[in-house]
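First the structure, which I've put down as structure tokens, then a few questions once you've had a look.
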Amino acid sequence: MARANGRRAESWRSSRSLRNIQHNLQGVRSLYLITFVAAITDPELTGKIADSFEQASQRLKLIPIPLHLAVKNPEARQAVVDLRTQISQLQELFAGPVPQTLDLSLGFNSLDGD
């Protein structure tokens, strides 16, 4: 916890970091629903994705204070860790099973964070 630096979060000064995450999740979910869900014929995979989006949204709501404060707060820190874990699981679905199911290949720089 001592190493956590909330000032590295996007929009930390305006306390919009969590709202940005919420909007990003909504945007990715919308893109997925409009573009890919109809092409995925595996109901187990679509169920996992839907559940993962829902879990991430629920975990986001459990962070009671701005992100830059929550990472240093002992009571709120676990909620931040749980959200990060859930988003990582969602990312793994979109980096593995989804492109495999759709016969897509990810480019070399697809996951480098840019």
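Numbering starts at 1 and runs along the sequence shown.
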Legend entry - Contact check, side chains of Ser57 and Arg29, non-hydrogen atoms, under 4.5 Å: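 Ser57 vs Arg29: side chains touch.
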
Legend entry - Shared hydrophobic cluster for Leu104 and Leu93 (ILVMFWY, side-chain gaps under 4.5 Å):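 Linked within one cluster.
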
Legend entry - Single-linkage hydrophobic cluster, 4.5 Å side-chain cutoff, Leu102 and Leu33 together: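 Shared cluster, yes.
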
Legend entry - Heavy-atom pair of closest approach, residues Glu54 and Gln58: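 Residues Glu54 and Gln58, closest heavy atoms: OE2-NE2, 2.7 Å.
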
Inset, instruction - Work out which heavy atom in Leu83 is nearest to a heavy atom in Leu60; give both atom names and the distance. - result: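 Smallest heavy-atom distance, with atoms named: CD2-CD1, 3.5 Å.
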
Legend entry - Euclidean distance, Glu92 CD relative to Lys48 NZ, rounded to 0.5 Å: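 Here the interatomic distance stands at 11.0 Å.
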
Inset, instruction - Enter the distance from Asp42:CG to Glu44:CD here, rounded to the nearest 0.5 Å. - result: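 The CG atom of Asp42 sits 6.0 Å away from the CD atom of Glu44.
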
Legend entry - Donor-acceptor under 3.5 Å (Arg77 side chain, Val71 main chain):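 A pair under 3.5 Å: yes.
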
Inset, instruction - Could you tell me which non-hydrogen atom of Ala79 sits nearest to which non-hydrogen atom of Ile63, and how far apart they are? - result: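 Result for this residue pair: CB-CG1, 3.8 Å.
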
Legend entry - Side-chain (Ser17) to main-chain (Glu10) donor-acceptor, under 3.5 angstrom: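 Answer holds: yes.
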
Inset, instruction - Look at the side-chain heavy atoms of Ile, Leu, Val, Met, Phe, Trp and Tyr, link any pair under 4.5 Å apart, and say whether Ile40 and Val28 land in one connected group. - result: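 Result: yes, single cluster for both.
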
Inset, instruction - Could you tell me how the ring of Tyr32 sits relative to the ring of Phe53: parallel (under 30°), tilted (30 to 60°) or perpendicular (over 60°)? - result: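 Tyr32 vs Phe53 ring planes: tilted.
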
Legend entry - Co-membership, hydrophobic cluster, residues Trp12 and Leu18, 4.5 Å side-chain: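 As far as the 4.5 Å side-chain criterion goes, Leu18 and Trp12 are not connected within one cluster.
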
Legend entry - Within one Ile-Leu-Val-Met-Phe-Trp-Tyr cluster: Leu67 and Leu62, side-chain cutoff 4.5 Å: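 Different hydrophobic clusters.
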
Inset, instruction - Over all heavy atoms of both residues, which pair between Ser15 and His68 is shortest? Give the atoms and the distance, please. - result: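 Minimum heavy-atom contact is OG-CE1, 3.5 Å.
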
Inset, instruction - Establish, from distance only, whether the side-chain atoms of Asp82 and Gln78 form a donor-acceptor pair under 3.5 Å. - result: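 Indeed, the side chains of Asp82 and Gln78 share at least one donor-acceptor pair under 3.5 Å.
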
Inset, instruction - Determine, step by step, whether Asn73 and Ile65 satisfy the side-chain contact (heavy atoms from CB on, under 4.5 Å) criterion, reporting the C-alpha distance in whole Å, the side-chain angles of both residues, the deciding distance to 0.1 Å, and the verdict. - result: CA-CA 9 Å; Asn73 181 295; Ile65 55 179; 3.9 Å; yes

Legend entry - Verdict with supporting geometry, Leu90 and Leu25, side-chain contact (heavy atoms from CB on, under 4.5 Å): CA-CA 10 Å; Leu90 185 59; Leu25 277 172; 3.9 Å; yes

Inset, instruction - Compare every heavy atom of Pro43 with every heavy atom of Thr46, then report the nearest pair and how far apart it is. - result: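 Nearest pair, atom of Thr46 first, then Pro43: OG1-O, 3.0 Å.
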
Inset, instruction - Grab the two heavy atoms, one from Gln89 and one from Ser52, that are nearest each other, plus how far apart they are. - result: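 So the two residues come closest at C-OG, 4.3 Å.
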
